[in-house]
Amino acid sequence: MRTVAKRVLVTGGAGFLGSHLCERLLARGDDVLCVDNYFTGRKDNIAHLLHQPNFEPMRHDITFPLYVEVDEIYNLACPASPIHYQFDPVQTTKTSVIGAINMLGLAKRVKAKILQASTSEVYGDPIVHPQDESYRGNVNPIGPRACYDEGKRCAETLFFDYHRQHKVKIRVVRIFNTYGPRMHPNDGRVVSNFIVQALKNEPITLYGDGSQTRAFCYVDDLIDGFVRMMDASDETVGPINLGNPVETSVAELAKIIIDLTGSRSTITYRPLPVDDPVQRCPDISQAESVLGWQPRMPLRTGLQRTIAYFETLLREHGAIPAPKTAAA
Ligand SMILES: NC(=O)c1ccc[n+]([C@@H]2O[C@H](COP(=O)([O-])OP(=O)(O)OC[C@H]3O[C@@H](n4cnc5c(N)ncnc54)[C@H](O)[C@@H]3O)[C@@H](O)[C@H]2O)c1
């Protein structure tokens, strides 16, 4: 007897994480509907999947209702980097909040499982290190990052209320810094910034004194965590942190990237942006015990793969495509 493929909706499927997720789901035989409004996503990210009969791209903005029949939903749609989510902060909040309502309504109607890509930003600028899931955060509700942080916090609230009130089968993961091929070259995030600057032999910009730490998770490891979470029992609702608990200072990261690229870049220092967290590091004990998950990719290997991707981009485009910013 032929087994019927699972129908899986990935919102934000043409983005950095979404495109890797679509790839992974297709590889295991799922039928994938990739929904995206291409605000930060790129058709190039999914071009290699278009020939697959189980893959269907659809241009749609999740702030509007969507009527499709699916078994599982991964809700990833939302600009993720400060440059992008601050470009149109009202739309960012709408995407998180109205988007969550629309996707949860869909999950309720078709009885689909739904996973929310939440974020470590729900912890704000944390005063507890490392952050476990019980930490309630230190978020400025009126600052420039609030459209993202508070939008994601409200989305989590909605997920848990739909679960309690309507018995929707939810999963919530809180993602920490993730990097890898198909990151946006110009999104102002530290890994992409440093790699592009190093490849162009331009000065590497360090914000603050570079002692602030980040914990970098390679994209393949993260996607593995997503799939494990979706496949876990329905009692496993989360929230569960997914990220790499190994901290690296931003200055150390710059040194590794200069070394791996053989760059002639020097380092320049700039003031820290408003509300930029000084330290952020996940406690992943829950992911380890409940999902049997932990990141495996060594930082240097992951960075080598990411550098190779950016080298190709630079070669193909001659220059890195411009970002969507207010100035652009
Ligand atoms: N990459 C990370 O380190 C990280 C960390 C924490 C959380 N996350 C979360 O993971 C998700 C994916 O992040 P990413 O890094 O792939 O970012 P991304 O910007 O590459 O992907 C987001 C995708 O959502 C699409 N999108 C935005 N608004 C939409 C809307 N209203 N309707 C339909 N599509 C829309 C964009 O076009 C893009 O393709 C986001 O929800 C983000 O908040 C990512």
Side-chain angles (χ1 to χ4, degrees), residues 9-23 33-46 57-66 73-103 115-123 131 145 147-156 159 172-192 214-223 225-226 229 239-244 277 280 282 295 302 306 323-324:
L9 165 62
V10 178
T11 76
F16 162 46
L17 300 180
S19 60
H20 286 273
L21 177 61
C22 290
E23 213 171 84
L33 175 60
C34 164
V35 160
D36 207 294
N37 69 351
Y38 302 106
F39 173 53
T40 50
R42 299 169 63 222
K43 289 181 183 167
D44 281 356
N45 287 344
I46 50 168
M58 181 182 189
R59 181 188 285 271
H60 176 79
D61 184 322
I62 64 157
T63 60
F64 296 94
L66 178 67
I73 304 168
Y74 289 84
N75 188 35
L76 272 61
C78 186
S81 70
I83 286 182
H84 292 140
Y85 66 65
Q86 290 171 14
F87 171 72
D88 184 349
V90 173
Q91 172 67 11
T92 299
T93 305
K94 279 186 182 172
T95 295
S96 279
V97 177
I98 302 176
I101 292 172
N102 286 331
M103 291 306 114
L115 178 144
Q116 167 69 354
S118 189
T119 170
S120 56
E121 300 283 346
V122 299
Y123 301 124
Q131 293 88 51
R145 299 172 80 109
C147 58
Y148 184 70
D149 302 6
E150 296 291 15
K152 288 285 189 179
R153 285 169 70 94
C154 183
E156 286 199 11
F159 267 69
V172 176
V173 290
R174 290 180 178 158
I175 306 163
F176 285 66
N177 264 341
T178 302
Y179 72 100
R182 297 191 214 126
M183 294 183 82
H184 300 265
N186 273 327
D187 66 3
R189 288 205 270 189
V190 67
V191 172
S192 42
R214 294 291 183 268
F216 303 103
C217 182
Y218 189 67
V219 61
D220 289 357
D221 284 328
L222 186 84
I223 300 301
F226 277 7
M229 184 71 177
I240 289 191
N241 289 339
L242 292 179
N244 192 338
R280 187 174 291 133
T306 313
K324 269 186 192 139

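As the structure lists them, so they are numbered: ligands from 1, and atoms in each ligand from 1. Values in this document were obtained by computation on a predicted structure and should not be read as measured data. Count residues from 1 along the sequence.
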Legend entry - Those residues that, when tested against Cys22, pass side chain to side chain contact (heavy atoms under 4.5 Å, CB included) (two or more places apart): Val10, Val32, Cys34, Leu49, Phe55

Can you report which non-hydrogen protein atom sits closest to [atom], along with the distance?
atom	answer
atom 19 (O) of ligand 1	Thr40 OG1, 2.6 Å
atom 11 (C) of ligand 1	Leu76 O, 3.2 Å
atom 26 (N) of ligand 1	Asn37 OD1, 3.3 Å
atom 31 (N) of ligand 1	Asp61 OD1, 2.9 Å

Legend entry - With sequence neighbours excluded, residues passing salt bridge (Lys or Arg N to Asp or Glu O under 4.0 Å) with Asp88: none

Heavy atom under 4.0 Å from ligand 1: found in [X]'s side chain, backbone, both, or neither?
X	value
Ser118	backbone
His184	side chain
Gln91	side chain
Lys152	side chain
Gln116	neither
Tyr38	backbone

